[in-house]
Amino acid sequence: MADEKAKAAEEAKKKQEEIDRKKAEVRKRLEEQSAKKQKKGFMTPERKKKLRLLLRKKAAEELKKEQERKAAERRRIIDERCGKAKNLDGANEDALRAICKEYHDHIASIESGKYDLEMEIMRKDYEINELNIQVNDLRGKFIKPTLKKVSKYENKFAKLQKKAAEFNFRNQLKTVKKKEFELEDDKGAAEGDAPAEEAAA
């Protein structure tokens with residue numbers, strides 16, 4: 001009896017453990033699903049809109065800072081290349097001449113540098129072109145000219161049209177009678193010869 005009660009209690013305990021385990025699994029599954037739903041629902045339309053606005057504002061600020069930085073850099077380079085603006089207030093003629101001479105010398109040096117750079121670029125372009133030609137010669141590849149697309153039958157049609165035109169031209173010509181184009185002298189000679197022949201007969 002005691003053994004049966006112990007077995008029944010043990011079976012009941014096992015069933016209870018099994019039920020608890022299944023409940024725990026179901027609870028865990030439900031929690032995972034609710035967590036997923038919360039994650040999906042975290043970005044509501046209002047939050048998305050706010051986030052977009054914040055991102056736009058941040059991008060605009062960054063763009064403005066970048067523009068200011070570029071303007072400052074440009075100003076610095078211009079000041080470095082051109083020098084600071086001279087104060088001309090109350091300057092006498094000699095001071096003005098000295099300033100003009102300084103600017104003239106600066107411009108001349110800049111122009112000579114510009115000319116040197118242009119010549120260097122032209123020389124390098126020429127060298128690059130020569131090297132490209134040598135490479136193509138070594139490879140045995142030549143630049144193929146672009147060909148126009150021509151119809152195979154275009155020539156045949158043109159010949160046929162030309163023949164048709166010649167045929168039409170010949171048909172339209174009138175037959176020429178020789179007597180229409182005889183000269184008056186020839187007519188007179190022909191008429192004068194006829195009576196002489198009759199007289200001789």
Could you give the distance from [atom1] ([X]) to [atom2] ([Y]), rounded to the nearest 0.5 Å?
X	Y	atom1	atom2	value
Leu54	Lys49	CG	NZ	13.0 Å
Asn132	Gln134	CG	CD	9.5 Å
Glu17	Arg21	CD	CZ	10.0 Å
Asp105	Cys100	CG	SG	11.0 Å
Lys23	Glu18	NZ	CD	12.5 Å
Arg123	Glu120	CZ	CD	4.0 Å

Open item on the list: I'd like to check the side-chain contact (heavy atoms from CB on, under 4.5 Å) partners of Arg75; sequence neighbours left out, ordered by chain and number.
Closed with: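 For Arg75, the residues satisfying side-chain contact (heavy atoms from CB on, under 4.5 Å) (neighbours in sequence not counted) are Ile78, Asp79.
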TODO: Using the test side-chain contact (heavy atoms from CB on, under 4.5 Å), find all partners of Ile110 that sit at least two apart in sequence or belong to another chain.
DONE: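 Ile110: side-chain contact (heavy atoms from CB on, under 4.5 Å) contacts with His106.
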Task: Check against salt bridge (charged side-chain N to carboxylate O under 4.0 Å, His left out), Arg97 and Glu93 - done: CA-CA 6 Å; Arg97 277 195 184 135; Glu93 195 173 322; 2.8 Å; yes
- [ ] Check Glu68, Glu62, Glu66, Glu61 against Lys64 for a side-chain contact (heavy atoms from CB on, under 4.5 Å) and give me the one that passes.
- [x]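 Considering Glu68, Glu62, Glu66, Glu61, a side-chain contact (heavy atoms from CB on, under 4.5 Å) with Lys64 is found only for Glu68.
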TODO: Decide if atom CE of Met122 counts as having more than 12 heavy atoms of other residues, nucleotides or ligands within a radius under 6.0 Å.
DONE: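 Check fails, neighbour count at 12 or below.
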TODO: Take Glu32 and Arg29, measure what salt bridge (charged side-chain N to carboxylate O under 4.0 Å, His left out) needs, and give me the verdict at the end.
DONE: CA-CA 5 Å; Glu32 286 175 3; Arg29 205 177 320 134; over 6 Å; no
Open item on the list: Any heavy-atom pair between the side chains of Lys65 and Arg69 that's under 4.5 Å?
Closed with: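 Contact flag for Arg69/Lys65 side chains = no.
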Open item on the list: Please determine whether a side-chain nitrogen of the Lys or Arg among Glu73 and Arg76 lies less than 4.0 Å from a carboxylate oxygen of the Asp or Glu.
Closed with: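 Salt bridge present between Glu73 and Arg76.
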